[in-house]
Structure formats: structure tokens, C-alpha cells
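Take a look at the structure set out below.
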Amino acid sequence: MNMANDSVKNKSAGLIIIGDELLKGHTKDENASFLLDKLWKNGIKVEKVSFIKDRVQEIANEVRIFSDKYDFVITAGGVGPTHDDLTYEGIALAFGESLVFNKEFQYTSLYIESEKQNNDTALDNKTFLLPQSANLIFAIDPLTEGPTKYPLVCVKNIYIFPGVPSYLQKLFLDNQSIFSNHIKFFLIKVYISIDEEAIKIALDNVNKQYPSVSVGSYPTLNKPFKVKVTLESEEKENLERAFESLVGLLPEKAIFSVKKCLPNSRQSSHQSNSLTTECTHQNTFPNELDGYLCRENTTSLADAIKCAWAVFKQTFDMYSPNQVCIGFNGGKDCTVVLHLIMAYFKSIFPEQKQELIGLYFKDSNQFPMVQQFIEECENKYKFKLISLDEGIKAGLNKLKKSHPELKAIIMGTRRCDPFSSHLKALSMTDKGWPEFMRVMPLLDWSYGEVWQFLKKFNKPYCKLYDQGYTSLGSSKNTEKNPALLLPNGEYLSAYNLENEADERLGRK
């Protein structure tokens, strides 16, 4: 039994997504998936999501039902000045209230509107008509330590959000402390290499034996595994027992891989080696990684390192070392990759010194401290650095001509980076780009694991990370992370960031 969760009340939520355009398929919904992800990570169970039309009575009926059943009710959409923006009216009807003119809301909205450029329209009076019992919630801006400009409207346990995804996301993140609970959700994903029918009895037995564990089974197509099984529970010990029971019930070699997630997290999971794979030739592993590459170590960092090791093995099964280079821009992620690939070379080529080739795209707006760190690494680790002044696409074209032997580039890309959520650990460049294999050994590493690695093994990193920066671009698009700002005006180091979702807050 997970005693830490026993004293905490489970909190539930219901989502009401409002808009005719969604039900007709004219607009693709982004709000439900965002809210579902954030609420789950905050320890809130979403019991139901409802998509409804812009109809006053329908909104009123759904709001009333949801309000009685769930701790939090979040509505999205229908709060503007036009004829089909009926959410406030529907909520007022649900609680037998009238709409009243809210001067504070008017002042806030007009102030924001006045700051917009090329504003040719005034907000309609309808915008400021709120249910009589409505409250305005102003979050605290971490930079100014004053209230945020735009409030969250709340009526009883109904929290009313705009339908525009960017507005909703900003407003939710400003106020997410409201929607938080100390409940922890523990999740294990098991990837199965045989058909779902062959594991049905095992799943039924685990589901019956461990009622506190939610068991899911999801067949797949066109993937190296055939079924993804999820085990989720608020009780970590029961979850582990259910997992061990499932492993014992499955046929030999049925498990393709396993991902054990950190509490309330999906991003920190890693594909570890098959459970049937034993750790061999341990004496060839670099001393500093001793104990992290064997099956017995199931810590999150060990799984992360094993995942990177597996990507390296796959890469060098396909390419020789002189066909592979590492992209290095001085950031924390590629710094981890640099140390890992050097350790891998040491373990695979113990009798010979294997030269490492680095690739650096120069930026005229680079931080001087980053440039200095790159030069220090080049000198300290004796790798050959290819520097390119062109943009990335043009630079890769030039690289093709100057170094035709290079076929793959090892990168520090992580899944949370822009345009990276769909990638695989080995992915060819997109159509229309110079053809290189992109190798991403850290793709499923979390922010915390990156820093755990650097601190655990005492690896040097760019000292800008000790000055409040958490994600480094150029000096033109990178600022210190406001989430690390202290009341005295100083900043914590990057490894002190509490919410991994805030990693890129300093990027413009």
C-alpha cells in the first residue's frame, strides 16, 4: 500500500468542450488533450470529457450534472462577444443566476485590448456579462510578483477557459496550482512481441488479482512489437507486484521491452533491454558507468543510459565510426551525448583510440561563454570539430560535399524539443533535406535525468546553466528562466528547476 497517497483525497475533474465547429469537424480540438495531460500529471483524475454544441440549455444541463459529480469542472470555448458565445449564459442558467455587468473584468479586458497593436474594434458589452456569483482569479506573475493581466473566471467549481488553444494553455499554466493534488500515478508500459489473443489469460488474471491496478491492452500495427500493455496505479508496491505477476504469466521471450515511468510522468520512460537479455562482458564497460548498464539496476537513470547504449549499438551496427559525427553546440543535452559516446567508444574499442568527429553550426549571436565551453571541450577531449558558418540546411549540403563519408549525425534532441514528438531514435532527415541519419540517444530522457547524469558523474557543462538559463539558443532568443528567479533578484542553477514543463520558458 502506498501510504503517501492514503491521506490525500482523490480529486476528480470533468471537461466540457463547447463549440459547433468542433462537432462538425471544421476545427480540430487541441484543448482536451492538453488538459487531460496536464491534469493527469497534476494528480487529478479526469472522469469524463463532453463535447457539446453552442446551446444555452445544453450548456446549462451539462454544467449542472458535472458540477454535482466532479471536484473541478473545466469549460473551454464560447466566451467571446459573438452571437454563438453562450457559455456564460448557460452557466448562469445552470445555477439560476442572472448575468451582471462586471466592471473589474471590463477594466482588465480593455487594458489588455489597448495594448494590442492595430486595434480597430472595441470589445462588445456582452464580453463583460458574467454570472452573478462569478469570481475573477488572478495568478501571480513570477517576474513582477504582481497579479497576471488576464483573470480566470470561476463560478462555484466551474472554471471557464477560452477556446483558443494558445490562450487556454497560457491561462491554465498561470493557474495550474489550483488544479493540483498530491496523488501520485505510477505507470509501467510493457511492449509485447506476440499477439493480444496469446496474452489474454495473463491479462485477465492480473486484472482480477490486482483490482487497484488499471490494466490496458492496445494492439499496434507496423511496429516492432504487437501489443502495448499499460499498468497504472496509485499504489506503487501493488503495481510492481502486478508487473512481476504479468511477467511470470507471459510466455518466455514475449516481452519486447519495458518502460517504467516516474510518478505522474510519461516523458521520463525509457525502453530498456528485453528482460531475457543478460548483462555480459561487464568488465569492458567504462568504470564510471559500471553498475548502470546491467539488468539489476532498474533506476530511471540506469534505464536512460541503457536506452542510449542500445541506440549507439544499433547505430554502429549500421555504420562504421568514421561515418558518424556528433552535433555539438555546447548545450547540456549534447554535452551528455558527448560523454556517453566517448564512454561507448572506450568500451567497444578498448585497444584502439577512436577519433570522434564533432559538427558545430556557428551562430554570430552565440553567447561568448558557450563558444568558450565548446573550445574547451574540443581541446580537452581531442575530438575533431567541423565548424559550419551556413544555416543548417545549407551547412548539411556543404558537409555532404566536404565529407562524403559521413552518413549519420548523433544529436542531443529530446522529445520535448520543438517538432520532435513524432521522431524515432533513428530517423532520416526530412524530404528535401540532405540525406543523413539522425541519431537521438536522449530522445526519451527527461530534463531531470540530463542533470542527474551531469551531476552524478561530475561532468563539466557550460556555466550559463548556473546563472539561471535552462535552455540555450542564441543570445538573441534566450533569457534566464523566470521560474528560477528568487525574491532577491538572483537566479537558481538550472538543475533546481522543479517543473520540467518550464524548461523552455526562457526561450523567445
Side-chain angles (χ1 to χ4, degrees), residues 13 15-19 21-22 27-44 46 49 72-82 85 87-88 102 104-119 123 127-128 130 134-155 158-180 264 267 416-419 421 447 470-471 473 477-485 497-508:
L15 310 182
I16 303 175
I17 313 297
I18 302 165
E21 71 280 5
L22 297 169
T27 300
K28 183 179 179 180
D29 173 68
E30 298 178 24
N31 293 328
S33 58
F34 171 84
L35 292 168
L36 288 167
D37 177 65
K38 295 299 180 184
L39 290 168
W40 184 83
K41 289 177 179 178
N42 285 357
I44 306 294
V46 176
V49 180
F72 300 108
V73 179
I74 293 178
T75 70
V79 296
T82 61
D85 291 316
T87 298
Y88 292 139
N102 191 300
E104 184 181 14
F105 194 44
Q106 179 196 35
Y107 174 79
T108 303
S109 301
L110 288 178
Y111 171 72
I112 294 171
E113 194 71 15
S114 69
E115 289 191 334
K116 295 180 182 178
Q117 296 180 353
N118 302 320
N119 175 35
L123 291 174
T127 306
F128 317 121
L130 302 181
N135 291 313
L136 302 184
I137 300 174
F138 291 88
I140 300 299
D141 189 314
L143 289 176
T144 65
E145 297 185 6
T148 51
K149 293 178 180 179
Y150 198 84
L152 173 62
V153 179
C154 172
V155 178
I158 315 298
Y159 297 85
I160 306 162
F161 285 82
V164 179
S166 58
Y167 294 167
L168 178 143
Q169 292 173 20
K170 176 67 167 61
L171 193 57
F172 182 89
L173 293 175
D174 284 344
N175 292 276
Q176 67 174 326
S177 61
I178 297 171
F179 311 99
S180 62
N264 295 40
Q267 293 184 351
C416 58
D417 292 334
F419 314 111
S421 61
Y447 179 87
T470 54
S471 177
N477 66 7
T478 307
E479 297 175 345
K480 296 181 180 182
N481 193 321
L484 295 175
L485 180 62
L497 187 69
E498 293 185 0
N499 187 353
E500 298 194 359
D502 293 339
E503 178 182 353
R504 297 180 65 87
L505 282 184
R507 296 293 286 272
K508 299 177 184 177

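This one's a predicted model, so the numbers in the text were calculated from it and none came from an experiment. Just so it is clear, the values below take in all heavy atoms, side chains as well, and ignore hydrogens, waters and symmetry mates.
- When atom types are taken as modelled, the side chain of Asn481 and the backbone of Asp502 share a donor-acceptor pair closer than 3.5 angstrom.
- Here the shortest heavy-atom pairing between Lys28 and Leu22 reads C-CD2, 4.2 Å.
- Looking at every heavy atom in both residues, Pro162 comes nearest to Val79 through CA-CG2, 3.6 Å.
- Every residue was checked against the salt bridge (charged side-chain N to carboxylate O under 4.0 Å, His left out) condition with Glu30, not counting sequence neighbours, and none meets it.
- Under the side chain to side chain donor-acceptor pair (under 3.5 Å) criterion, Thr87 pairs with no residue, sequence neighbours left out.
- Using a 30° and 60° split on the angle between ring planes, Phe179 and Phe161 fall in the tilted class, from 30° to 60°.
- Here the shortest heavy-atom pairing between Asn31 and Gly163 reads ND2-O, 2.9 Å.
- A 4.5 Å side-chain heavy-atom check between Leu505 and Thr470 finds every atom pair outside the cut-off.
- The two residues Val49 and Ala32 come nearest to each other via the heavy atoms CG1-CB, 4.4 Å.
- Residues that satisfy the side chain to side chain donor-acceptor pair (under 3.5 Å) test with Tyr447, not counting sequence neighbours, are Trp451.
- The two residues Asn499 and Gln176 come nearest to each other via the heavy atoms ND2-NE2, 3.4 Å.
- For the pair Leu39 and Phe72, the minimum side-chain heavy-atom distance is 4.5 Å or more.
- For the atom pair OG1 of Thr478 and CZ of Arg504, the computed distance is 8.5 Å after rounding to the nearest 0.5 Å.
- The side-chain contact (heavy atoms from CB on, under 4.5 Å) search around Thr82 returns Asp84, Asp85, not counting sequence neighbours.
- Here the CG-CZ distance, from Leu152 to Phe138, works out to 10.0 Å after rounding to the nearest 0.5 Å.
- Rounding to the nearest 0.5 Å gives a distance of 12.5 Å between CG of Leu168 and CD1 of Ile160.
- Leu36 contributes atom CG, which lies 9.5 Å from atom CD1 of Ile74 (distance to the nearest 0.5 angstrom).
- Atom-to-atom distance recorded for Asp29:CG and Glu21:CD is 9.5 Å, nearest 0.5 angstrom.
- Every residue meeting the side chain to side chain donor-acceptor pair (under 3.5 Å) condition with Asp174, not counting sequence neighbours, appears here in chain and number order: Lys170.
- Legend: residues meeting side chain to side chain donor-acceptor pair (under 3.5 Å) with Arg507, ordered by chain and number and at least two apart, are Ser471.
- When all heavy atoms of Pro151 and Leu136 are compared, the closest pair comes out as CB-CB, 3.9 Å.
- Aromatic pair Tyr159/Phe172: centroids not less than 6.0 angstrom apart.
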